[in-house]
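All ligand and atom numbering here is 1-based and tracks the order in the structure.
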Amino acid sequence: MACVADLRLAGIGMTSARTRDRLVQRLRDQGITNLQVLDRIRNVPRHIFVDEALGSRAYEDTALPIGFGQTISQPYIVARMTEALLEGGAVDNVLEVGTGCGYQTSVLAPLVAHVNTIERIEPLLSRAKERLKELGIRNVRFRHGDGTLGWKAHAPFDGILVAAAPLTVPEALLKQLRVGGRLIVPVGPEGEQQLVRFTRREQRMEREVLGPVAFVPLLGGIA
Ligand code: SAH
């Protein structure tokens with residue numbers, strides 16, 4: 001017999017499997033092709049990451065408020081960033097900057113060996129921890145801190161994913177990438193941000209612009 005917790009994760013009505021399938025189809029139509037990523041979008045119950053009152057909108061392809069002036073990322077963007085991170089070789093050790101509610105973390109974690117995630121707003125981090133525990137995701141290390149400094153103790157990273165936009169890319173993040181590693185980051189002021197992928201090569205840093213995006217700003221310090 002299904003218990004209440006199972007029903008909460010499975011969803012009903014506007015949070016049901018059929019609603020999620022529609023979201024996945026929409027992301028396919030927009031050019032997301034990585035099947036593992038699409039599968040995660042289908043299986044991660046996005047409704048448990050937002051306020052209950054917003055649950056019926058959880059599978060719309062839109063950012064939604066999560067408190068503290070922050071938002072849960074739009075599913076298309078989560079899928080695009082994850083796909084861009086996984087493209088081009090194995091990714092074991094990942095750094096995520098800007099845990100937020102933990103939705104992006106939950107999409108990513110089962111596709112890699114380890115995720116190290118940093119969030120500057122403590123209450124968001126504790127809530128994210130609880131959600132991931134509820135989903136049985138165990139390969140994530142959490143830190144309350146300033147992600148612009150990276151996480152030296154666990155560097156170098158095969159991949160770094162930044163969920164908030166700096167005006168210029170923090171040096172520490174580029175330094176903590178291993179050769180062949182990829183940094184996916186939205187860069188620029190509000191209204192003019194571009195999603196960029198940096199790939200560390202032996203002698204240089206490769207830079208590809210993936211397209212325009214809208215993120216909250218990456219801030220220094222902790223809250
Ligand atoms: N991807 C997340 C949403 C991230 S919103 C999700 O799926 O929910 C961006 C997050 O980055 C916010 O929670 C914000 O507090 C955090 N953030 C901004 N600057 C930061 C910094 N310097 N270090 C760590 N986190 C930061």
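Checked for salt-bridge contact, D21 and R18 miss the test: no charged N lies under 4.0 Å from a carboxylate O. Using a cut-off of 4.0 Å between Lys/Arg side-chain N and Asp/Glu carboxylate O, E83 and R80 are scored as salt-bridged. Between E134 and R8, at least one side-chain N (NZ, or NE/NH1/NH2) sits under 4.0 Å from a carboxylate O, which counts as a salt bridge.
If you number the atoms of ligand 1 from 1 as listed, the ones under 4.0 Å from a heavy atom of G147 come out as 21 (C), 22 (N), 23 (N), 24 (C). Taking a cut-off of under 4.0 Å to the non-hydrogen atoms of G145, the atoms of ligand 1 that pass are 23 (N), 24 (C). Every atom of ligand 1 is numbered from 1 in the order shown, and the set under 4.0 Å from a heavy atom of L124 is 13 (O). Atoms of ligand 1 lying under 4.0 Å from any heavy atom of I118, numbered from 1 in the order shown and given with element: 24 (C), 25 (N).
Distance from atom 22 (N) of ligand 1 to its nearest protein heavy atom, with residue and atom name: L219 O, 2.4 Å. The protein atom (non-hydrogen) at minimum distance from atom 16 (C) of ligand 1 is E119 OE1, 3.4 Å. Of the protein's heavy atoms, A163 O, 3.3 Å lies nearest to atom 9 (C) of ligand 1. Nearest protein heavy-atom neighbour of atom 7 (O) of ligand 1: Q104 N, 3.1 Å. Considering only non-hydrogen protein atoms, atom 4 (C) of ligand 1 sits nearest to G98 O, 3.7 Å. Remark: minimum distance from atom 12 (C) of ligand 1 to any protein heavy atom is reached at Q70 OE1, 3.2 Å. With hydrogens left out, the protein atom closest to atom 25 (N) of ligand 1 is R120 N, 3.4 Å, a heavy atom. Among protein heavy atoms, the minimum distance from atom 5 (S) of ligand 1 is reached at T71 O, 3.4 Å.
Close N/O approach between C101 and ligand 1 is found [any backbone or side-chain N/O within under 3.5 Å]. Where the criterion is an N or O separation shorter than 3.5 Å, residue side chain and backbone included, S73 meets it with respect to ligand 1. Residue-to-ligand polar distances keep V216 apart from ligand 1: every N/O pair is separated by 3.5 Å or more. Checking only distances, G221 never comes within under 3.5 Å of ligand 1, N or O to N or O.
Partner D61 forms a salt bridge (charged side-chain N to carboxylate O under 4.0 Å, His left out) with one of R46, R20, R28, R26 and no other, that one being R26. When the options T82, L111, V107 are evaluated for a side chain to side chain contact (heavy atoms under 4.5 Å, CB included) with Q36, the one that passes is L111.
Compare T99, L64, L218 by their heavy atoms: the one nearest to atom 6 (C) of ligand 1 is in T99.
Put simply, the side chain of D39 never gets that close to the backbone of L35: no donor and acceptor are under 3.5 Å apart. Not a single donor-acceptor pair under 3.5 Å links the side chain of R201 to the backbone N or O of T199. Formation of a donor-acceptor pair under 3.5 Å by the N139 side chain with backbone atoms of A113 is found in this model. Side-chain atoms of R182 come within 3.5 Å of backbone N or O of E87 as a donor-acceptor pair. Although no hydrogens or angles enter the test, the distance criterion places no donor-acceptor pair under 3.5 Å between the side chain of R141 and the main chain of T117.
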Stepwise side chain to side chain donor-acceptor pair (under 3.5 Å) check, S126 with E130: CA-CA 6 Å; S126 351; E130 277 173 35; over 6 Å; no
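Only the side chain of I121 comes within 4.0 Å of ligand 1, counting heavy atoms alone; its backbone N, CA, C and O stay farther away.
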